[in-house]
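Structure first, commentary second.
Letters A, B, ... mirror the listed sequences (proteins, then strands); counts begin at 1.
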Amino acid sequence: MRALSKEHESAMHRAEDYVVELRSVSKQYGETVAVANVSLSARRGELVCFLGPSGCGKTTTLRMVAGFVEPTSGMVSINNIDMTHQPPYRRDTGMVFQSYALFPHMTVAENIAFGLENLKWPRHKREQRVEEMLRLVELPHLAQRLPGQLSGGQQQRIALARALAMRPAVLLLDEPFSNLDAQLRIRMREELREVIRSVDVTTLFVTHDQEEALTMSDRIVVMNAGQVEQLGTPGEIYEAPATSFVAQFIGWCSLLRGTVGPDGAFTSTAGLRLVGNWSAGPGTAVIRPEQIKLSTDGAAGVYLQARVLQSNYYGGATRIVLDVNGEQLTMQERFPFGRHPKPGDLLGVTINTNEIRILPTNDS
Amino acid sequence: MKHSVLSRRIVNPALLLAPMVLLLAGFLVVPVLGLLRSSFLPGSHLLEGGGFSLQQYIRFFSDSYYSSVLLETFIDGFAVSLICLLVGFPVGYSLARLPPLERRWRTIIAIMPLTLSLVVIVFGWLIVLGRNGVVNSLFISLGIFSSPKQFLFTRPAVLLVLVQQFVPFMILSVMSVVTQIHPVLEQAAANLRANRFTTFRRIIIPLAVPGILVGFNLVFVLSISAFVTPRLVGGARIAMLGSLIYERIMSELNWPSGAAMAFVLFVSGFGFTAAINALIASRLIAGGKRYAV
Ligand SMILES: Nc1ncnc2c1ncn2[C@@H]1O[C@H](COP(=O)(O)OP(=O)(O)OP(=O)(O)O)[C@@H](O)[C@H]1O
Ligand SMILES: [Mg+2]
């Protein structure tokens with residue numbers, strides 16, 4: 001009896017936990033496979049980001065959640081209700097479009113109230129909610145403006161307020177910052193993160209900006225050619241990439257092909273040897289710039305002689321491409337003023353092999 | 001190189017307008033002023049000497065026949081515009097939402113009637129609607145009618161033919177305005193829980209008002225001034241002011257009277273469309289609020 005009720009309780013818990021679920025969702029346009037077999041479960045309040053190169057199916061996936069695109073196969077459920085074939089207006093989602101899509105003939109307040117009117121909220125509750133939302137995005141003085149009279153950043157915030165006003169189960173954002181300049185983008189990113197935290201809404205977010213994805217998300221779905229390459233926290237994605245695509249797409253890295261011998265050491269095709277304790281077989285080593293250090297006394301790792309091939313100054317640091325035993329490696333270092341290396345210079349470097357991942361070679 | 005050529009003004013803009021202005025002045029303004037002058041002549045003939053009188057206008061407004069024809073003309077014009085709107089809006093809307101390539105040839109089909117001579121269209125309808133016409137023979141052979149029905153020379157027939165003639169104007173104006181309404185707005189509305197009807201009523205219609213008004217005005221003005229269709233399809237029994245004016249001038253050669261009627265039609269038509277524009281614009285655009293089209 002007790003056990004049964006416990007089981008019941010945990011089932012209820014699970015029901016509450018997943019606000020959005022995609023089960024093997026695919027979308028085909030004729031011969032083109034836009035999205036293939038994408039699965040995802042997002043918990044309440046979680047911010048999940050879809051990251052990938054242009055045309056990899058991010059927007060299509062988001063639109064299948066919103067209901068603008070019907071999946072060829074698979075299932076989309078929101079709050080554990082199958083929504084796969086429901087029209088957009090029956091789905092509990094709020095979307096911020098890339099172009100904001102504010103209604104040009106309605107004031108800011110009318111735009112925000114539009115969803116509430118359709119949900120048949122009584123007038124005074126609507127007005128109250130509009131005010132609340134305008135305060136949330138810190139634009140209460142713009143209630144009577146028309147969208148055409150707002151700046152890009154203001155339109156973006158109104159679009160967010162409009163989407164959140166209905167208290168949707170899922171907030172959907174498709175590259176919401178792509179129309180903003182670089183500085184505003186970073187400010188809006190922080191603001192958006194804060195707003196999402198404060199209203200505790202499950203959020204699916206599309207971007208092709210890895211920095212945006214790493215700083216904002218709880219989990220990242222890395223997509224390539226319609227498929228999920230890896231699903232994980234920003235830390236997992238960066239530190240333990242599942243495929244060489246993920247390794248290359250997120251952050252800078254050098255990929256070395258080679259084999260791990262029976263002793264656990266890696267030898268690249270050009271002959272660069274990294275001592276470690278990896279499992280034997282052919283593999284690709286993923287070396288991040290920060291794993292290569294200028295060799296100083298006491299630095300841990302393999303000491304190597306390197307020749308500078310390229311040197312790019314970034315202000316805070318210099319990114320240099322090195323030739324080490326015939327392999328090209330990228331490192332990043334802050335050099336003392338006036339002592340930036342030039343192509344042709346010789347440097348001593350150590351590679352910290354502790355954090356290096358070797359991917360088994362079976363993908364590209 | 002190109003830049004310097006473009007930035008230099010080759011011709012004064014006023015010169016570019018000159019041919020059009022001269023054409024309009026010579027062949028529209030002058031004759032219309034002449035017509036206006038002749039409407040103030042007292043007699044029933046152009047050559048019956050000069051003078052200035054309001055006699056033509058007094059006769060028009062004192063005879064209830066004319067005012068009833070005027071009213072009927074307006075009601076017909078309004079009905080034709082309304083039917084064109086109802087028929088043309090869905091067509092114009094769906095054309096606007098097609099990909100450009102598919103839109104192109106469908107648009108050509110939609111405006112095809114405009115390329116046909118009015119005489120061809122009207123005689124086509126005479127064949128279709130006549131006593132021994134296509135419709136009657138069909139319905140009789142199907143056993144729905146026992147004897148041929150009178151379609152021609154009725155008011156519905158006149159309206160039908162006018163709608164068929166003028167609906168392309170409505171389709172074109174609706175299409176051009178709907179192409180300016182980005183489909184993402186409809187998606188945004190759907191995302192905000194608006195069903196199709198609400199989206200249509202609250203988003204599409206208000207944003208399409210400029211095109212609706214242009215189409216409505218065009219069809220209305222064309223309908224109230226039509227004279228070939230009412231005469232040929234409506235016959236002598238169905239009077240519209242246009243055909244009355246035509247008869248007065250071309251058959252009776254009574255220019256002063258015809259001119260006065262033409263001016264009454266012109267002024268009242270202008271006033272009516274202005275009134276409708278003001279009314280519809282304030283009603284439909286954002287519930288009468290601030291949105292400037
Ligand atoms: N309506 C459509 N008809 C045909 N193909 C489509 C359609 N929509 C998208 N596609 C194709 O599906 C693939 C995925 O498109 P999608 O818009 O989801 O990419 P994305 O990841 O959002 O790219 P971006 O970063 O450039 O926005 C693309 O190859 C695209 O050409
Ligand atoms: Mg996209």
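Gln98(A) places none of its side-chain heavy atoms less than 4.5 Å from the side chain of Val184(B).
Taken to the nearest 0.5 Å, the CG atom of Asn191(B) stands 8.0 Å off from the CZ atom of Arg162(A). Remark: Gln187(B) CD to Tyr89(A) OH distance equals 14.5 Å, nearest 0.5 Å.
Looking at Arg63(A), the atoms closer than 4.5 Å to chain B (heavy atoms on both sides) all sit in the side chain, from C-beta outward. The contact between Thr93(A) and chain B is made by backbone and side chain atoms together, counting heavy-atom distances below 4.5 Å. Of the atoms belonging to Leu172(A), not a single heavy atom falls under 4.5 Å from chain B. Interface remark: Met166(A) contributes side-chain atoms only to the contact with chain B (heavy atom separation under 4.5 Å).
Your options are Ala101(A), Gly67(A), Ser99(A), Ala66(A), and the one with the most heavy-atom pairs under 4.5 Å with chain B is Ala101(A). Contact tally against chain B (heavy-atom pairs below 4.5 Å) for Leu119(A), Val96(A), Asp92(A): the top residue is Asp92(A).
For Glu132(A), the CD atom is densely surrounded, since the number of other residues' heavy atoms within 6.0 Å is greater than 12. Residue Arg201(B) qualifies as enclosed at atom CZ: its count of foreign heavy atoms under 6.0 Å is above 12. Counting heavy-atom neighbours within 6.0 Å of Arg106(B) CZ, excluding the residue itself, gives a total above 12. Residue Leu16(B) places its CG atom among more than 12 non-hydrogen atoms of other residues, nucleotides or ligands, all under 6.0 Å distant. The 12-atom threshold is exceeded at CZ of Arg97(B), counting heavy atoms of other residues, nucleotides or ligands nearer than 6.0 Å. Within a 6.0 Å radius of CZ in Phe263(B), other residues, nucleotides and ligands contribute more than 12 heavy atoms.
No hydrogens or angles considered: nothing links the side chains of Thr198(B) and Asn118(A) as a donor-acceptor pair under 3.5 Å.
Between Leu207(B) and Pro104(A), the closest heavy-atom pair is CD2-CG, 3.8 Å. The minimum heavy-atom distance between Leu185(B) and Phe103(A), with the atom names listed, is O-CE2, 3.4 Å. Shortest non-hydrogen contact noted between Phe97(A) and Ala188(B) is CE1-CA, 3.5 Å.
Residues Glu117(A) and Arg202(B) are paired through a salt bridge, judged by an N-O separation under 4.0 Å between the basic side chain and the carboxylate.
A donor-acceptor pair is defined here as one N or O able to donate and one able to accept, closer than 3.5 Å; such a pair exists between the side chain of Arg193(B) and the backbone of Arg91(A).
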>> As a quick check of understanding, evaluate side chain to side chain contact (heavy atoms under 4.5 Å, CB included) for His105(A) and Ile203(B), giving each step before the final call.
In response: CA-CA 8 Å; His105(A) 59 300; Ile203(B) 310 297; 4.0 Å; yes

